[in-house]
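Everything on this sheet refers to the single structure shown next.
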Amino acid sequence: MSTPGTSLPKLKPLPLPALDSPEYLTRLQTPFTPPPPTLTLKSIHAAVPKELFLKSTTKGLWWVGRHVAIVFGLGWLALNSEQVVDTLVRILGEKAGVARSEQWSGLVNWVFWIAYWFWQSVAFAGMWTLGHECGHDALSPIPWVNTVVGLFLHTSMITPYHAWRITHRRHHKGTNHLAHDETYHPFTRSDLKLPPIEKATPMDYMGIIEETPAFTTFKLVVRQFLGFQLYLLHNRKGNPKYPKGTSHYKPSSKFFKPEDRTFSSYVLLLRSPLFTIKRPTLAEIGPSIILSDIFILLMLSILTLWSHYRGFGEVWRVYFVPWLWAHNWIVMFTYLQHSDPTVPYYRGKDQWNFTRGALATVDRPVFGWIGRFFWHGIAHDHVAHHFFVNVPFYNLPEVTEAIKPVLGEYYCYDPTPTLYALWRSFTQCTFIEPEGDVVFFKNQRGEALRALREDEVVMNVNRVKKEVGEGLSDVDEDEDQEDQEMKRKDI
């Protein structure tokens, strides 16, 4: 039930430039009513043709092979940059009628490296995205294929495959539930030491949280390039329920269970014939935090040897610069999937259920064809992904079209230009109230841009309590939502 201090009778939205999409403005101007309990996972599932749930190892490995070939092809160009630049200088010079000169060669060299860093960073982010698919067992119906490929892809991006896979599945299990979601956990009024809502004045917000555009830009850059690795290292912006020192690299962290830290499952895998009718189960190929750490150490060793024999300058130019930019893209599209002024957060079990959590997701055509081709639609069809995590990414566009009529007004889509949407969310999604069953982000002026229809919230509480199979109380805490989906006989 809603609590005092969360209603928004008088809102003063900031002036909105024309870059905001019509879909975003419509949501912004429509008071939020939580999706009704009648909108169930079963009804959404029924709208999806069964063949879209089928996974193909051949097709999955084709996508991975094609993407890895692009990465290595770009890397080859970088490693042979002198010859490539010389050839470009000659060809472009002839076409433009420009004589070869040191200035002309230097300009072409810089253009080459800027182009390389951009496209390789995009390709690196795609490698990470395919590893994400493996973590959901969505690349292949054969579990060990997902494990082996996922370890290779994520390790190459210095991401501990199993550790992140475990916490990411928990994110799917409790999306936008403040007690259970794992990432991009919002600050509350009390976290920022703001006065109570009934006592706060504009000067309070200005003095405590309002920032200059330059400082906001600095914070944004730090988060974009370093935020994901800081989250892996010490749970930065993760759920505060975990104790200090929690890390994806630390096997004893509260993230993990005892079975997540052992090698026994890999012994079973090695003893199992690779080409048998009965494949090893997901449990038999279970995760190992220690193994993930060993693979990360192996990757760091490879980079160290490369630096030793070829020089750190080459490693920096060819690997680390696009790697840093790839993290910028990864943080960008994962942050925008659930952090938006029009998307709610939930508390307690009265208002949250799995369907409502999945619908606290925004589909965005991030960078158009680049996001579709290189990032495999991870932002384009993220709503469908949250409902059906085992569906291979190449089928998600069809799933999205199948479920949109069922979701109706509760389907969130926003074609706002990506970089503007990032800035908008970063400046408007500052904090939430520490009380209330359904809350929205407030900006640096203490204003929530979207109102909540509290009468509908109160009416929905008892109906949600009566729903069976959708709420947190009906989700086994020791079982991932992916595993539940795999048990459904009709998938």
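Values below: every heavy atom of this structure, side chains too, minus hydrogens, waters and symmetry copies. It should be emphasised that the depicted structure is a prediction, and the values quoted were computed from it without experimental measurement.
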Before giving the answer on side-chain hydrogen bond (donor to acceptor under 3.5 Å, both in side chains), spell out for Asp363 and His382 the whole-Å C-alpha distance, their side-chain angles and the decisive distance to 0.1 Å. CA-CA 6 Å; Asp363 277 353; His382 205 65; over 6 Å; no

Test log, rule salt bridge (charged side-chain N to carboxylate O under 4.0 Å, His left out), inputs Lys193 and Asp204: CA-CA 10 Å; Lys193 297 181 172 54; Asp204 292 322; over 6 Å; no

Walk me through it: do Arg170 and Glu182 pass the test salt bridge (charged side-chain N to carboxylate O under 4.0 Å, His left out)? CA-CA 7 Å; Arg170 204 169 293 128; Glu182 291 290 324; 3.7 Å; yes

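Screening residues 226-236 for side-chain hydrogen bond (donor to acceptor under 3.5 Å, both in side chains), with sequence neighbours left out, gives Gln229-His327. For residues 395-418, every residue pair satisfying the salt bridge (Lys or Arg N to Asp or Glu O under 4.0 Å) rule, not counting sequence neighbours, is listed here: Arg364-Asp414, Glu401-Lys404, Asp414-Arg424. Residue pairs satisfying the salt bridge (Lys or Arg N to Asp or Glu O under 4.0 Å) criterion with at least one member in residues 117-133, sequence neighbours excluded, are absent.
Taking Arg189 as the reference, Glu433 meet the salt bridge (Lys or Arg N to Asp or Glu O under 4.0 Å) condition, with sequence neighbours excluded. Residues forming a side-chain hydrogen bond (donor to acceptor under 3.5 Å, both in side chains) with Tyr184 (at least two apart in sequence, or on another chain): Thr334. For Trp329, the side-chain hydrogen bond (donor to acceptor under 3.5 Å, both in side chains) criterion is met by Ser121, not counting sequence neighbours.
Both tests do not hold together for Lys237 against Phe228: distance to the six-membered ring centre under 6.0 Å, angle to the ring axis within 45°. Both the sub-6.0 Å distance and the 45° axial angle are not jointly satisfied by Arg347 relative to the ring of Trp352.
Between Arg372 and Asp381 there is a salt bridge, with a side-chain nitrogen of the basic residue lying less than 4.0 Å from a carboxylate oxygen of the acidic one.
At least one side-chain heavy atom of Phe388 sits under 4.5 Å from a side-chain heavy atom of Ile403. With contacts defined as side-chain heavy-atom distances shorter than 4.5 Å, the pair Tyr205/Phe431 qualifies.
Counted by atom type alone, His154 and His132 present zero donor-acceptor pairs between their side chains at under 3.5 Å.
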